[in-house]
Amino acid sequence: MSEIIKPNFNIAEVPAGHDGPGFFATSMDKAVGLARKNSIWPLPFATSCCGIEFMAMMGSHYDFARFGSERLSFSPRQADLLMVMGTIAKKMAPVLKQVYEQMAEPRWVLSMGACASSGGIFDTYSVLQGIDRIIPVDVYVPGCPPRPEQVIDGILKIQDLIGNESLRRRNSPEYKDMLATYGIQVD
Amino acid sequence: MFTPDLIFKVVLILSIFVITLVIAMYSTYGERKIAAFMQDRLGPNRAGIFGILQPLADGVKMFMKEELIPDISNKVLFILGPCLAMTTALMTSAIIPWGSNINIAGTDFSLQVTDLNIGVLYVFAVTSIGVYGIMIGGWASNNKYSLLGALRASSQMISYEIAMGLAIIALIMSTGTLSLKEISAAQAGFHWNIFVQPLGFLIFIICSFAETNRAPFDLPECETELVGGYHTEYSSMKLGFYLFAEYINMFIASAVISTLYFGGYNFPFMNSIGLSSNAVAILGVIFLFAKIFFFIFFFMWVRWTIPRFRYDQLMRLGWTVLIPLAIFNILLTGAIIFATNN
Amino acid sequence: MEDTLLHIVHDKLKSQFGEDIISAEQAYDFPVYTVSKKKIIEIISFLYNEEELGFQFLTTMCGLQFPENKGGEFCIMYQLHNMPKNWRIRLKVYTPANDMEYPTLTGIFSTANWMEREAFDFYGFIFKGHPNLIRILNMEDMTYHPMRKEYPLEDGTREDKNDTMFGR
Amino acid sequence: MQSLTNRKKVVGKKEMTWVEKLYLPAIFGGMRITLKHMFSKKTTISYPEQTREFSQIYRGMHVLKRDEKGAERCTACGLCAVACPAEAITMVAAERKKGEENLYREEKYAATYEINMLRCIFCGDCEDACPKESIFLTDRIVPSDFERNEFVYGKDKLVETLENPIDVSIRQTPEVLEFKKNKKLTHNR
Amino acid sequence: MNEIKTAQTAVAEKDYTTLNLGPTHPATHGIFQNIVKMDGEIIVDAVPTIGYIHRAFEKIAERRPYYQITPLTDRLNYCSSPINNMGWHMTVEKLAGIEVPKRVQYLRVVIMELARIADHIVCNSVIGVDTGALSGFLYVFQQREHIYEIYEEICGARLTTNVGRIGGLERDFSPKCIDKIEKFLENFPAVIKEFESLLMRNRIFMDRTIGVGAITAERALNYGFTGPNLRATGVDYDVRVMNPYSGYQDFDFVVPVGTSGDTYDRFMVRQQEMWESLSIIRQAMDKIIQMPEKVFHADVPEFYLPPKEEVYNNMEALIYHFKIVMGEVEIPKGEVYHSVEGGNGELGFYLVSDGGRTPYRLHFRRPCFIYYQAYTEMIKGAMLSDAILTLSSLNVIAGELDA
Amino acid sequence: MTQFLFYFLSFVAVAAGLMVITAKNPVHSVLYLIIAFFAIAGHYILLNAQFLAIVHIIVYAGAIMVLFLSVIMLLNLNKDNEPAKSNILKLAAAVAGGLLLVTFTGTLKGTESIIASQPFDDQIGYVKALGKVLFNDFLLPFEVSALLLLSAIIGAVVLVKHDLK
């Protein structure tokens with residue numbers, strides 16, 4: 001145990017639940033983290049343009065499979081990473097939240113593109129201004145749509161996050177509090 | 001009590017078990033790599049060198065994932081489903097002759113866990129109950145997609161079992177035995193059954209695709225229609241069991257195909273190159289595994305090439321094409337046996 | 001008598017419906033006819049069935065709003081197409097703000113179904129006889145018709161912009 | 001329905017020959033193709049290690065240019081903010097004080113200049129709108145990050161550094177480049 | 001409620017299974033919901049719900065100057081953004097009476113046809129994926145990457161291109177870009193042939209698609225179908241031929257049509273259209289090469305941004321520049337409708353202008369929105385797998401559906 | 001060992017059989033029935049009738065019960081929604097069951113002497129022995145039943161073909 005590893009990224013101004021005991025990894029944690037980060041099964045929540053760019057990312061030129069992530073799991077139970085790609089309208093928001101709630105822990109969320117992250121050019125009555133209003137987001141990828149390179153950058157960031165996460169984090173009160181701020185029930 | 005025979009059997013069972021699991025594990029890796037290569041991609045290459053640790057990563061991840069059992073589902077059956085799938089997948093390996101006898105310190109040991117005099121039927125029985133894992137799991141999930149997957153699985157398996165059985169009957173007619181050991185031994189050298197039963201082989205391999213739920217017969221779990229099919233609601237290692245069972249099934253099906261039609265552990269000129277019997281046995285094992293790997297590759301190759309059937313087309317293919325063909329094959333075999341015996 | 005599409009159709013309509021054809025003009029490459037609301041279905045089915053005209057394809061329809069045009073604040077635009085002759089015309093039907101009822105066109109064109117639902121959703125037009133007149137794009141529980149000019153576009157919850165100096 | 005054009009050509013032959021009805025020839029044909037690909041050269045570009053060639057006019061992260069003397073070109077006219085369809089640009093203008101001539105080219109400059117990269121859709125309209133050749137998009141990509149506050153890029157991230165100027169000359173149209181070569185040409189006439 | 005239902009009553013009432021296809025079902029690529037009532041695997045009824053990515057395009061368009069609507073149109077049918085961009089530019093040009101030189105028209109044709117190929121690639125390969133043949137998808141997607149490379153050389157973006165301006169393009173094709181187009185024209189036929197031989201005459205694929213999701217020409221017209229989906233029913237309606245724009249009348253190409261309007265016909269029509277597009281690009285490139293270089297926009301200083309250097313030095317240019325960017329260009333009053341042949345059919349822009357800074361009303365005729373309502377009718381009586389194939393062969397793009 | 005197995009299997013078979021009729025959920029009933037079949041297959045193996053055991057599993061557990069299960073699943077009888085039966089129905093069921101019991105006991109009583117008189121042959125369950133008996137002593141019934149099965153298969157094929165327009 002003992003050995004405490006500081007995450008190698010900037011965790012300034014993180015919301016509650018992103019820090020605390022959750023971010024210190026033991027060597028067991030590291031081994032599991034290593035496994036987890038190399039086997040991210042994404043759930044592509046593709047609503048619009050970014051979904052097409054995601055296809056490009058699955059394509060031969062970028063080959064998402066290199067990260068062990070080509071096995072898309074459309075069932076939220078089996079997915080590790082919720083990739084939200086494209087505009088989330090207010091009509092869609094409850095669905096997205098439900099999908100997130102159905103996912104098994106540990107789960108991560110990547111918000112791809114301007115629309116998902118902030119609403120983008122669609123500052124309109126019908127569009128949710130960023131999915132972080134309803135679910136916690138781990139990594140944002142800017143761009144409209146982002147190039148596959150950017151998405152891969154985002155995935156690498158997610159991998160960093162996963163690799164450094166403690167196994168206890170998901171049970172910690174901080175994490176539960178964080179979910180509670182989004183109104184998500186944890187049992 | 002601990003006779004050498006018993007010790008050998010235990011060692012054999014354990015090693016078969018381990019080998020089966022390892023092969024199933026690396027089949028997942030192989031599948032992803034082969035798919036990648038067929039699609040001009042690289043495939044997993046980040047976990048370990050060339051991504052060789054990918055299955056381990058997947059396994060550890062799945063073990064550590066949260067178990068979700070839907071509230072309304074039947075818990076016992078929900079857990080029983082994947083267990084059954086896994087058990088039935090592993091059961092067949094008991095009667096496959098992995099090699100000819102091996103001689104250790106003057107005693108002959110058979111590289112087969114048990115030689116049933118009705119081995120072929122045993123294979124058949126195990127496959128026929130293999131569907132319960134899927135059905136129970138799909139039903140217990142209490143999810144409509146799962147249920148549809150389960151229903152598709154059951155009707156598909158039953159339909160194709162008939163054609164498969166009829167194909168085997170023709171094979172049995174020409175070999176004259178139900179024991180896998182004897183069938184293997186009869187194919188010594190290059191007298192493989194494929195040359196005797198080409199049509200039967202074709203039917204059998206098509207049916208094995210259906211029985212293992214592999215493309216183009218992967219209807220019970222086809223992603224674009226049923227999300228995840230029967231395992232939609234499963235997470236964690238229970239899902240792992242299902243996925244694993246599929247690969248074990250594929251491995252066993254390849255082993256059975258190799259044994260029944262491709263000479264099993266026999267290889268050409270095995271008796272004329274003048275090696276010791278132990279060397280031949282070991283070479284035989286290697287050849288058997290080479291054949292098995294080829295068929296696993298073949299399964300994957302087909303999967304990544306052709307589209308899948310529709311439910312009714314699949315049934316139609318089974319009932320109106322394969323079954324009549326299989327019956328015709330029986331008649332043909334019978335006629336040939338009749339003609340050659342006279 | 002000129003021989004353009006504008007006149008051919010206008011003459012036919014005028015002889016059939018008289019006063020209900022309020023005006024006709026050429027807007028770029030489209031003849032535009034303003035017609036009265038009470039005869040709109042008859043006019044369109046006449047255009048559909050008449051042998052020479054045969055406007056049997058509804059290209060599109062949409063609602064419009066002209067708050068300054070008193071007595072005709074709202075308008076629906078129908079765009080018809082005669083494919084074999086490649087004739088296209090546009091019909092406009094104005095209505096005052098206190099009377100948003102229109103007869104439905106779904107009896108003639110199946111495609112009008114969703115278009116009318118969209119117009120209902122956006123502007124609040126009521127299509128009498130429509131099989132399923134509910135909101136199509138927006139949420140069911142929305143209380144207003146967002147495309148009307150008086151409602152704002154913005155979500156209103158956006159925090160990351162400062163409009164003071166740009167006049168946006 | 002009669003033909004609308006004289007260019008009609010019916011495609012989609014649906015009758016199968018008996019060979020096609022056998023399933024197997026097409027399946028083997030397909031398998032031949034996939035096997036061929038198995039041994040062909042892989043097109044994958046392993047991204048973090050290798051980078052795919054970006055077009056030089058790629059619309060990526062913005063840069064605020066300095067002029068030849070190292071002074072910031074931006075004069076905080078606000079045209080880019082107006083032109084931005086996502087309304088992602090915000091700025092605060094300030095008067096240039098004495099002694100700052102080497103810092104800012106014009107009398108007015110942007111005291112703060114912020115682009116919300118999460119809003120930005122990289123359409124390039126700001127680049128088109130800028131009359132001072134100050135803001136340009138570049139072929140660098142905006143990195144992803146964990147927090148949304150990180151994405152409001154201020155002048156610290158946008159203005160090019162003196163040591164490391166960013167070449168954007170290729171982004172301008174041939175017309176501009178031509179114009180720069182020959183000042184006598186006037187626009188379009 | 002204590003509902004007791006015996007097996008007999010269940011059968012008598014035809015206890016249908018209700019299945020919720022979407023909004024996150026993998027086959028609904030975009031996002032829309034279908035509540036499907038099924039008898040076994042046969043679909044009895046379906047209730048579509050759309051609007052899950054409604055973004056209020058038409059409302060935004062009333063608040064943005066004309067040139068800022070181009071990025072919006074990108075996001076309509078994002079598989080073929082450039083066609084939308086060009087369609088919008090041509091609409092404004094029609095309203096403002098701008099004549100665009102022939103060379104610009106041809107450059108636009110090249111871009112639009114590339115976009116059409118990209119669009120059809122997505123649709124057809126996704127049909128392949130939905131039938132379970134994944135490899136073909138990856139083969140043709142490699143070529144789509146090359147189309148993206150070409151876009152990138154033209155405008156600097158891959159998917160949402162925002163290419164061109166009102167009055168022309170923002171820059172000429174660079175020599176590198178022309179090289180890439182030539183290379184694409186050279187390589188693409190082999191790949192598409194390979195794709196065809198993977199699927200087109202494969203009996204499994206044919207069985208899956210022939211007779212699936214069929215619609216008659218009459219019903220299709222009544223439902224307002226356009227584009228490949230209408231052509232699959234045998235009606236050769238193509239905006240490029242009927243109302244030529246951007247110099248399409250100068251090109252020689254055929255309009256492929258199907259016979260019965262089923263999935264196989266749609267697949268074949270799209271496949272053939274890719275070949276036609278290739279031939280159009282070839283013809284256009286040949287024409288462009290013979291024309292004087294460096295003409296890439298119309299001579300309209302009041303609409304087309306002046307070069308930067310001039311803005312800095314020339315008062316007149318500066319005024320134009322500010323006017324254009326602020327959106328204060330003089331747009332005539334009036335209403336105009338212009339349509340282009342988009343990836344999925346007639347993409348129309350109905351624009352009402354009151355002479356102001358922004359459009360008074362802009363209505364998009366979105367082909368997907370119009371033909372998707374026929375989906376219910378098309379899948380009734382079909383099986384679940386058919387419904388999914390029909391959906392992918394209709395190529396419903398959520399961005400265009402919900403706008 | 002054999003005796004212990006016998007009792008164990010018998011217990012399983014009887015218990016599962018009871019569960020079949022007492023389980024509320026039809027799916028559970030079917031699953032218990034499958035367990036009962038397996039127990040009976042175990043008995044066959046104890047009697048050295050491996051062939052019969054396997055065929056029993058293939059036919060009953062592997063095919064018929066799968067069909068049962070899928071039909072029950074398809075009818076969506078998965079809730080505990082078994083309707084309350086009337087008393088007359090229950091009485092009729094009891095009478096029928098009792099009659100069946102009487103018939104069975106009667107049959108068993110008659111066969112007792114036959115089983116005892118035959119010497120036990122450990123090859124009796126083997127395929128070869130079975131084949132010899134079938135093809136020598138019971139050739140005609142065997143062929144007739146084979147013909148029946150064949151016609152059933154052909155009938156099934158024809159039924160499927162019927163869908164093809």
Side-chain angles (χ1 to χ4, degrees), chain C residues 25-30 32 48 56-66 68 75 77 79 81 83-90 92 106 108-119 121-123 132 134-140 142 146-149 151-155 166-168, chain E residues 47-56 58-64 91 94-95 97 218-226 230 235-237 241-243 326 332 334-339 346 348-352 354 360-367 369-374 377 401-403:
Chain C
E25 55 173 336
Q26 184 82 17
Y28 291 85
D29 44 358
F30 267 77
V32 181
Y48 187 96
Q56 301 193 342
F57 187 82
L58 179 67
T59 306
T60 187
M61 64 171 275
C62 70
L64 293 130
Q65 187 192 12
F66 302 97
E68 271 81 65
C75 169
M77 176 279 280
Q79 211 160 282
H81 194 175
M83 275 194 181
K85 291 185 176 143
N86 200 16
W87 286 355
R88 322 185 97 176
I89 57 167
R90 187 180 300 144
K92 286 173 111 176
T106 43
I108 304 169
F109 295 107
S110 307
T111 183
N113 190 329
W114 282 16
M115 294 179 185
E116 287 180 357
R117 277 175 69 184
E118 193 190 42
D121 192 355
F122 280 171
Y123 287 103
N132 183 25
I134 49 169
R135 284 185 187 273
I136 184 160
L137 294 175
N138 289 302
M139 279 172 291
E140 289 273 324
M142 202 169 201
M147 271 296 277
R148 292 192 182 183
K149 294 272 179 194
Y151 297 111
L153 160 74
E154 281 81 9
D155 174 52
F166 309 114
R168 296 190 282 228
Chain E
V47 181
T49 313
I50 65 168
Y52 283 101
I53 68 159
H54 175 51
R55 299 179 280 194
E58 295 183 359
K59 186 88 176 173
I60 304 178
E62 290 178 11
R63 305 290 160 97
R64 296 276 188 273
T91 311
K94 200 180 196 177
L95 180 72
E218 248 170 27
R219 290 304 294 153
L221 285 171
N222 202 261
Y223 266 121
F225 274 47
T226 43
L230 178 65
V235 181
D236 55 340
Y237 176 69
V241 181
M242 299 277 282
N243 299 304
M326 299 301 287
E335 55 179 62
V336 65
Y337 176 84
H338 183 75
S339 58
E346 180 175 342
F349 299 87
Y350 172 64
L351 170 63
V352 182
D354 63 347
Y360 185 78
R361 173 84 166 94
L362 176 58
H363 172 71
F364 301 98
R365 183 202 190 274
R366 311 175 317 263
F369 175 75
I370 289 168
Y371 66 64
Y372 180 57
Q373 49 187 317
E377 189 175 308
L401 178 77
D402 291 346

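In what follows, every chain begins at residue 1, and chains take the letters A, B, ... in the order their sequences are listed.
Looking at C/F109, the atoms closer than 4.5 Å to chain E (heavy atoms on both sides) sit in the backbone and in the side chain alike. In this structure, chain C has heavy atoms under 4.5 Å from both the backbone and the side chain of E/L95. Only the backbone of C/I108 comes within contact range of chain E, judged by heavy atoms closer than 4.5 Å. With a 4.5 Å cut-off on non-hydrogen atoms, C/F122 touches chain E through its side chain but not through its backbone. For E/E62, the part lying under 4.5 angstrom from a heavy atom of chain C is the side chain only. Contact annotation for C/R117: neither backbone nor side-chain heavy atoms come within less than 4.5 Å of a heavy atom of chain E. For a residue to count as touching a neighbouring chain, one of its non-hydrogen atoms must lie under 4.5 Å from one of that chain's; by this rule E/L230 touches chain C with the side chain only. C/K92 touches chain E through its side chain: at least one heavy atom from C-beta onward sits under 4.5 Å away, while N, CA, C and O do not.
Between E/Y337 and E/F349, the ring centre distance reaches or exceeds 6.0 Å.
Among E/R361, E/Q373, E/R63, E/R366, the residue making the largest number of heavy-atom pairs under 4.5 Å with chain C is E/Q373. Per-residue counts of heavy-atom pairs under 4.5 Å with chain E were compared for C/T59, C/N138, C/N113; the largest is that of C/T59. Of the listed residues E/G97, E/S339, E/G51, E/P367, the one with more heavy-atom pairs under 4.5 angstrom with chain C than any other is E/G51. Taking chain E as the reference chain and counting heavy-atom pairs below 4.5 Å, the highest number among C/M77, C/R135, C/R90, C/M139 is found for C/R90. Taking E/V352, E/N243, E/T226, E/T49 one by one and counting their heavy-atom pairs under 4.5 Å with chain C, the maximum is reached by E/N243. By number of non-hydrogen pairs under 4.5 angstrom with chain E, the leading residue of C/M61, C/Q65, C/Q79 is C/Q79.
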Next item on the list: Test E/E335 against C/Y28 for side-chain hydrogen bond (donor to acceptor under 3.5 Å, both in side chains), laying out the working first.
Entry: CA-CA 8 Å; E/E335 55 179 62; C/Y28 291 85; over 6 Å; no
Next item on the list: Test side chain to side chain contact (heavy atoms under 4.5 Å, CB included) on E/E218 and E/Y223 and set out the steps.
Entry: CA-CA 9 Å; E/E218 248 170 27; E/Y223 266 121; over 6 Å; no
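No side-chain donor-acceptor contact under 3.5 Å links E/D354 to the backbone of E/Y360.
Here E/F364 contributes atom CZ and E/T91 contributes atom OG1; the two are 9.5 Å apart, rounded to the nearest 0.5 Å. How far CD1 of E/I370 is from OG1 of C/T60: 5.0 Å, rounded to the nearest 0.5 Å.
Contacts of E/Y350 classified as ring-ring contact (aromatic ring centres under 6.0 Å, His included), with partners at least two apart in sequence or in another chain: none. Residues satisfying the ring-ring contact (aromatic ring centres under 6.0 Å, His included) test with C/Y151, not counting sequence neighbours, are C/Y144.
Ion pairing between a basic and an acidic side chain is recognised when a charged N comes within 4.0 Å of a carboxylate O; C/R88 and C/D29 show no such pairing.
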